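This one's a predicted model, so the numbers in the text were calculated from it and none came from an experiment. A, B, ... follow the sequence lines: proteins, then strands. Residue 1 opens every chain.
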Amino acid sequence: SQQGEEDPQALSIQEGENATMNCSYKTSINNLQWYRQNSGRGLVHLILIRSNEREKHSGRLRVTLDTSKKSSSLLITASRAADTASYFCATDAGGNKLVFGAGTILRVKS
Amino acid sequence: DVKVTQSSRYLVKRTGEKVFLECVQDMDHENMFWYRQDPGLGLRLIYFSYDVKMKEKGDIPEGYSVSREKKERFSLILESASTNQTSMYLCASGLAGYNEQFFGPGTRLTVL
């Protein structure tokens, strides 16, 4: 069952611009994570935000979580061509399992 | 450095063949997972294992089985491959009690 849904499905921006991706989910969660996938490769964990946190930063990444709206956003500041990838949110479904969304494809043009 | 390896990057099989996909992790993780990834559908959990010889069905277990005889190795088996099993297969591992998962590079399987 797909819990997280990312928006937009695809995003194309110029290098140096900020990129914002959104994720909505349906049920209560313990935490929400964001992953990146470069073309044809495995996923890499970016950041985890717990249900009692509202905002978290890691380098050029900023994640927010609004549990009342069941939504999260990932902001990548000052984007680079190397940020071109697919980005997935994943929610904790209990029992160490994650439920992934369909992803946002980000293209950063140089 | 954390490492999850998968036996093949690309695999082509014929309908009806028995297919083995192998995953090995070197981090002593208790949990291991098999997903398939299809365009527009994201990752869907096929099976997972939280200990040696233990397994649980995920969201789409039909047509698949798994084996975990050793802690570091988790195998996905397609008993009789069908064309609708053409997909990218991703293996992941993680520590018990923690959600972060570490992924292998994926195996792109084509069933003709």
Side-chain angles (χ1 to χ4, degrees), chain A residues 1-10 21-53 56 58 61 63 65 72 85-105, chain B residues 1-10 21 23-25 27 29-51 54-61 87-110:
Chain A
S1 57
Q2 196 168 311
Q3 154 116 288
E5 291 185 9
E6 286 92 343
D7 169 55
Q9 289 186 330
M21 288 158 268
N22 303 298
C23 170
S24 59
Y25 58 92
K26 296 171 186 167
T27 62
S28 298
I29 60 171
N30 294 322
N31 62 64
L32 184 144
Q33 302 176 43
W34 285 90
Y35 287 78
R36 184 189 73 227
Q37 183 181 35
N38 291 93
S39 180
R41 309 293 294 186
L43 279 69
V44 175
H45 180 264
L46 294 176
I47 196 165
L48 180 152
I49 186 165
R50 302 193 187 285
S51 60
N52 61 354
E53 297 176 308
K56 202 161 182 181
S58 176
L61 305 180
V63 169
L65 179 64
S72 173
S86 294
Y87 292 81
F88 296 86
C89 67
T91 51
D92 163 26
N96 294 153
K97 290 188 292 181
L98 295 175
V99 179
F100 289 84
T104 292
I105 300 170
Chain B
D1 208 13
V2 162
K3 199 157 186 184
V4 180
T5 56
Q6 295 184 229
S7 48
S8 306
R9 288 299 317 278
Y10 300 94
L21 301 182
C23 175
V24 178
Q25 50 98 359
M27 296 160 285
H29 285 166
E30 292 84 3
N31 299 330
M32 296 189 76
F33 308 84
W34 274 107
Y35 297 90
R36 65 176 281 176
Q37 182 179 22
D38 300 289
L41 296 177
L43 277 73
R44 292 179 292 167
L45 183 64
I46 305 172
Y47 267 99
F48 70 100
S49 169
Y50 51 89
D51 201 353
M54 305 301 287
K55 61 185 179 185
E56 283 197 25
K57 293 179 180 179
D59 297 319
I60 51 164
S87 187
M88 170 74 112
Y89 289 87
L90 292 164
C91 174
S93 72
L95 278 170
Y98 292 87
N99 281 139
E100 180 182 350
Q101 293 183 14
F102 298 85
F103 283 81
T107 294
R108 190 166 293 282
L109 172 67
T110 302

Engaged part of [X] at the chain A interface, taking heavy atoms whose separation is under 4.5 Å:
X	value
Ile60(B)	neither
Gln37(B)	side chain
Leu45(B)	side chain
Tyr50(B)	neither

Arg9(B) atom CZ, over 12 foreign heavy atoms within 6.0 Å:
yes

Any chance CD of Gln9(A) has more than 12 other-residue heavy atoms, nucleotides or ligands included, within less than 6.0 Å?
no

Nearest 0.5 Å, what's the CG-CD distance between Leu98(A) and Glu100(B)?
10.0 Å

From Phe103(B) atom CZ to Arg41(A) atom CZ, the distance as rounded to the nearest 0.5 Å:
14.5 Å

What pair of heavy atoms forms the shortest contact from Gln101(B) to Tyr35(A), and how long is it?
N-OH, 3.0 Å

Where Ala102(A) and Gly40(B) come nearest, the two heavy atoms and their spacing:
CB-O, 3.6 Å

Among Gly94(B), Cys91(B), Gly97(B), residue most engaged with chain A (heavy-atom pairs, under 4.5 Å)
Gly97(B)

I'd like to verify something: which residue of Asn31(A), Leu48(A), Asn30(A) has the highest number of heavy-atom pairs under 4.5 Å with chain B?
Asn31(A)

